[in-house]
2 protein chains.
Amino acid sequence: MLREDVTEAIRAAVFEELAAVGYARMSIEGIARRAGVGKTAVYRRWRSKLHLVLDIVSAIAVQGLPAPDTGSLESDLRLLYEVTSRALRHPVASQVVPDLQAEAARNPEIAEALRKALRDGQDGVALTVVAAAEQRGEVRAGLDHELALDLISGPLYWRAVVIRSPKLPKGYLAALSRATAEALKAL
Amino acid sequence: MLREDVTEAIRAAVFEELAAVGYARMSIEGIARRAGVGKTAVYRRWRSKLHLVLDIVSAIAVQGLPAPDTGSLESDLRLLYEVTSRALRHPVASQVVPDLQAEAARNPEIAEALRKALRDGQDGVALTVVAAAEQRGEVRAGLDHELALDLISGPLYWRAVVIRSPKLPKGYLAALSRATAEALKAL
């Protein structure tokens, strides 16, 4: 294997191991075995299991989506939710993210990496949507941005990751977008 | 120790071990050691680590709060959030719940127990609040209850458990209650 291919094979293996056994049970041995490389190939690239996972989390965050720009808050939210609900069905969200959240409760480095990944990803896009609505006068200029982000991101995460509802009923995202737009207008 | 005291000591030890090391790393040995009992005392009461944890989760759910009944949706939500935000600062929410959520991604029994605990606890109270608002005509009768629960429970959970924000700014719960009431009225 080429050097870059080995790196990619290890990254893919970390991802699969995380989804399969979780952070706590995951070992460098298991990753190396799954990637078909030796343990030293892993240690040459990353100092520890923690560093490997932090690297993966950052890589996920970088896959930033362009912010929707439809001209109305409700339809911007609708587009954002379409993309987010697809992302939440991915194993990263349904297995790896809760796992890292659990780890974050005990490990400040993981907590900080997750916060950064959120800020650069989902929250970054949501902020752009809110700022556009402020500029159009759809919501009050200078509203509490943190609270706005909680209102935008919380409900779908709760449904997909906490309740672990396998499928959203028809009309769910439309109703959620309408309700959230009204919530933001009340801030 | 009396028989009941041993049971209680083991329950407390499970709780502390869960918070300290997490489900994946927790062992019956560790629990027995922390409780100051022998391993057989644990196995006499619970078949496995899984059963012990399921028992703890159910016990948490049973601590059901009475539903607020102030006569208005916004102030009912406000009271619900006051109680929930305190509960979310407890180690159960900040460490044990994310941990069990992570485990639930791989273990359907834990997933089901968590869903049941939610239904009997937080969701049960929120449903009562929504039903009262329907009766008063503050929200549309027959609105989507599942979506209503996502809108009520998601934002605060996102803030406390996902973002892990250590402290809510002044006025946060009041603004959240007002915004969520408006969201529910749009359903």
Side-chain angles (χ1 to χ4, degrees), chain A residues 19-26 74 91 93-106 108 111-112 114-115 118-119 123 143-144 146-165 168-169 171-172 175-176 178-187, chain B residues 19-26 74 91 93-106 108 111-112 114-115 118-119 123 143-144 146-165 168-169 171-172 175-176 178-187:
Chain A
V21 303
Y23 181 84
R25 294 188 193 92
M26 188 174 80
E74 185 177 329
S94 63
Q95 298 206 311
V96 177
V97 170
D99 211 64
L100 294 178
Q101 291 289 353
E103 222 42 55
R106 293 174 197 91
E112 188 43 43
L114 275 175
R115 254 194 301 269
L118 273 174
R119 265 200 308 271
D123 276 8
L143 54 78
D144 179 343
E146 305 259 309
L147 175 52
L149 294 183
D150 300 341
L151 289 166
I152 293 174
S153 302
L156 199 52
Y157 184 87
W158 174 265
R159 177 71 155 238
V161 180
V162 181
I163 303 290
R164 306 190 68 78
S165 182
L168 298 173
Y172 180 90
L176 175 62
R178 196 171 59 245
T180 305
E182 289 307 314
L184 296 175
K185 287 171 189 173
L187 290 188
Chain B
V21 303
Y23 181 84
R25 295 188 193 91
M26 187 174 80
E74 185 177 329
S94 63
Q95 299 206 309
V96 177
V97 170
D99 210 63
L100 294 178
Q101 290 289 353
E103 223 40 56
R106 292 173 199 94
E112 188 45 42
L114 275 175
R115 255 194 301 270
L118 273 174
R119 266 200 308 271
D123 276 8
L143 53 78
D144 179 343
E146 305 260 309
L147 175 51
L149 294 184
D150 301 340
L151 289 166
I152 293 174
S153 302
L156 199 52
Y157 184 87
W158 175 266
R159 176 72 155 237
V161 180
V162 181
I163 303 290
R164 307 189 69 77
S165 182
L168 298 172
Y172 180 91
L176 175 63
R178 195 170 60 244
T180 304
E182 289 307 314
L184 296 176
K185 288 172 189 173
L187 290 187

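In this text, all values refer to a predicted model and were calculated from it rather than measured experimentally. Values reported hereafter were calculated over all heavy atoms of this structure, with side chains retained and with hydrogens, waters and symmetry mates removed. In what follows, chains are A, B, ... by sequence order, proteins preceding strands, each numbered from 1.
- In this structure, chain B has heavy atoms under 4.5 Å from both the backbone and the side chain of A/Ala104.
- In this structure, the side chain of A/Arg25 does not engage the main chain of B/Ala24 through any donor-acceptor pair within 3.5 Å.
- Only the backbone of B/Val21 comes within contact range of chain A, judged by heavy atoms closer than 4.5 Å.
- If you take NZ on B/Lys185 and CD on A/Glu182, they are separated by 11.0 Å, rounding to the nearest 0.5 Å.
- In this structure, A/Gln101 and B/Val162 approach most closely via the heavy-atom pair NE2-CG1, 3.2 Å.
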Side-chain donor-acceptor pairs of residues 146-154 of chain A under 3.5 Å, sequence neighbours excluded:
{"residue": "A/Asp150", "atom": "OD2", "partner": "B/Arg159", "partner atom": "NH1", "Å": "2.7"}
{"residue": "A/Asp150", "atom": "OD2", "partner": "B/Tyr172", "partner atom": "OH", "Å": "2.5"}
{"residue": "A/Ser153", "atom": "OG", "partner": "A/Gln122", "partner atom": "NE2", "Å": "2.9"}
{"residue": "A/Ser153", "atom": "OG", "partner": "A/Leu149", "partner atom": "O", "Å": "3.3"}

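- Taking both residues in full, the closest heavy atoms of B/Ala183 and A/Ala183 are given as CB-CB, 3.9 Å, listed atom of the first, atom of the second, then distance.
- Separating the CZ atom in A/Arg178 from the CG atom in B/Leu187 is a distance of 7.0 Å, to the nearest 0.5 Å.
- Listed options A/Thr180, A/Leu114, A/Asp123, A/Leu176 were ranked by heavy-atom pairs under 4.5 angstrom with chain B; first place goes to A/Leu176.
- Nearest heavy atom pair, residue B/Ala102 against residue A/Ala102, reads CB-CB, 4.1 Å.
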